[in-house]
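The structure appears right after this line, and notes come after that.
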Amino acid sequence: CPFCHGWEVRDRPLAVLAQGERGVHMATLLRGWSDDVVLLTGGPADLSDDDRARLDVAGIPVDERTVRELDSAAGELHAVVFDDGARLPRGALLVAAELRQRSGLAAQLGVKLVATGPVSPEAVDVDPLYRTSVPGVFAAGDLCAQMPQIAAAVAAGSAAAVSVMASITEER
Ligand SMILES: Cc1cc2nc3c(=O)[nH]c(=O)nc-3n(C[C@H](O)[C@H](O)[C@H](O)COP(=O)(O)OP(=O)(O)OC[C@H]3O[C@@H](n4cnc5c(N)ncnc54)[C@H](O)[C@@H]3O)c2cc1C
């Protein structure tokens with residue numbers, strides 16, 4: 001995440017490994033932290049003319065070579081190594097990962113899930129009062145379709161707690 005990790009790796013040579021619009025989005029965001037950002041697509045780049053124009057303006061080159069390995073030591077990245085053996089020295093690499101729930105609790109409770117997007121493909125569906133499709137089950141935070149940030153999770157958790165209390169009070 002450029003917001004969560006950008007500051008720590010500022011001014012280093014950086015790379016983003018991602019395809020399509022998401023790669024362009026991540027690379028241009030990261031450009032705010034470093035003048036040297038390369039977009040690695042790990043194969044033929046799936047980029048529109050508009051995407052390429054935006055990258056050009058931001059001074060972000062696109063490298064389509066297949067990434068073979070990351071050369072690192074003691075948790076620090078030194079270089080991205082391509083299939084052809086060439087090395088691209090980099091101080092950090094941002095990877096387009098998917099966010100998935102590790103816990104099966106939501107599925108086990110039978111709450112309705114909704115498709116969201118490429119970052120977090122499935123989320124628990126909640127209404128504005130944080131009620132799920134199963135009566136008495138509320139949800140808030142990363143497992144819902146909200147921005148995955150601590151402040152957002154805390155705010156949603158607080159509002160959901162009020163909703164739970166109101167629900168219990170009504171029942172009583
Ligand atoms: C590497 C990384 C860096 C990040 N950096 C930032 C940052 O700088 N700033 C920022 O705002 N956000 C950051 N985030 C995002 C932020 O951490 C999340 O948005 C936030 O923690 C979501 O809170 P949550 O309570 O919804 O979920 P979580 O923090 O994931 O909490 C869910 C908890 O439920 C527990 N749990 C799961 N299943 C069960 C079960 N069956 N029984 C009991 N407990 C269970 C888990 O162990 C976990 O502790 C980062 C995320 C990651 C992964």
Side-chain angles (χ1 to χ4, degrees), residues 1-42 58 60 67 69-81 88-168 171:
C1 167
F3 297 109
C4 299
H5 303 289
W7 168 258
E8 284 81 0
V9 297
R10 67 194 180 281
D11 298 328
R12 294 191 202 174
L14 306 175
V16 168
L17 178 59
Q19 267 288 0
E21 207 178 305
R22 192 162 173 214
V24 178
H25 177 67
M26 291 166 75
T28 47
L29 275 178
L30 210 54
R31 184 65 179 73
W33 293 114
S34 169
D35 293 339
D36 182 359
V37 177
V38 177
L39 175 59
L40 308 174
T41 55
I60 300 170
V67 174
E69 63 181 75
L70 305 178
D71 177 11
S72 66
E76 291 287 320
L77 180 68
H78 293 307
V80 173
V81 185
L88 177 69
R90 294 289 98 178
L93 172 73
L94 199 71
V95 181
E98 276 185 2
L99 303 179
R100 290 182 182 278
Q101 287 301 312
R102 296 174 70 189
S103 167
L105 189 58
Q108 191 186 324
L109 291 170
V111 301
K112 185 181 164 199
L113 303 175
V114 285
T116 48
V119 179
S120 174
E122 234 177 19
V124 173
D125 194 24
V126 287
D127 70 8
L129 295 177
Y130 299 92
R131 294 178 293 200
T132 69
S133 60
V134 175
V137 179
F138 297 74
D142 273 11
L143 83 172
C144 302
Q146 66 176 51
M147 187 176 271
Q149 282 188 342
I150 291 167
V154 170
S158 166
V162 171
S163 193
V164 170
M165 276 311 296
S167 160
I168 292 172
E171 247 180 66

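Everything numeric in this text was worked out from a predicted model, so none of it was measured. Both ligands and their constituent atoms are indexed starting at 1 by order of listing. Position 1 is the first residue of the sequence; numbering continues from there. Keep in mind that the numbers below use all heavy atoms, side chains included, and drop hydrogens, waters and symmetry copies.
- Summarising the geometry, atom CG belonging to Leu14 is positioned 9.0 Å from atom CG belonging to Leu93; distances are rounded to the nearest 0.5 Å.
- At a heavy-atom cutoff of 4.0 Å, ligand 1 is surrounded by Cys4, His5, Ser103, Gly141, Asp142, Pro148, Gln149, Ile150, Ala153.
- Sorted by first then second residue, the salt bridge (charged side-chain N to carboxylate O under 4.0 Å, His left out) pairs that include residues 3-17, not counting sequence neighbours, are Arg12-Glu76.
- Taking a 6.0 Å sphere around CD of Glu69, one finds it holds more than 12 heavy atoms contributed by other residues, nucleotides or ligands.
- Exactly one of Asp36, Val24, Thr28, Val16 qualifies for a side-chain contact (heavy atoms from CB on, under 4.5 Å) with Ile60. That residue is Thr28.
- Annotation: side-chain hydrogen bond (donor to acceptor under 3.5 Å, both in side chains) contacts involving residues 131-141, sequence neighbours excluded, comprise Asp127-Arg131.
- Pairs passing the salt bridge (charged side-chain N to carboxylate O under 4.0 Å, His left out) check and including a residue from residues 144-165, sequence neighbours excluded, do not occur.
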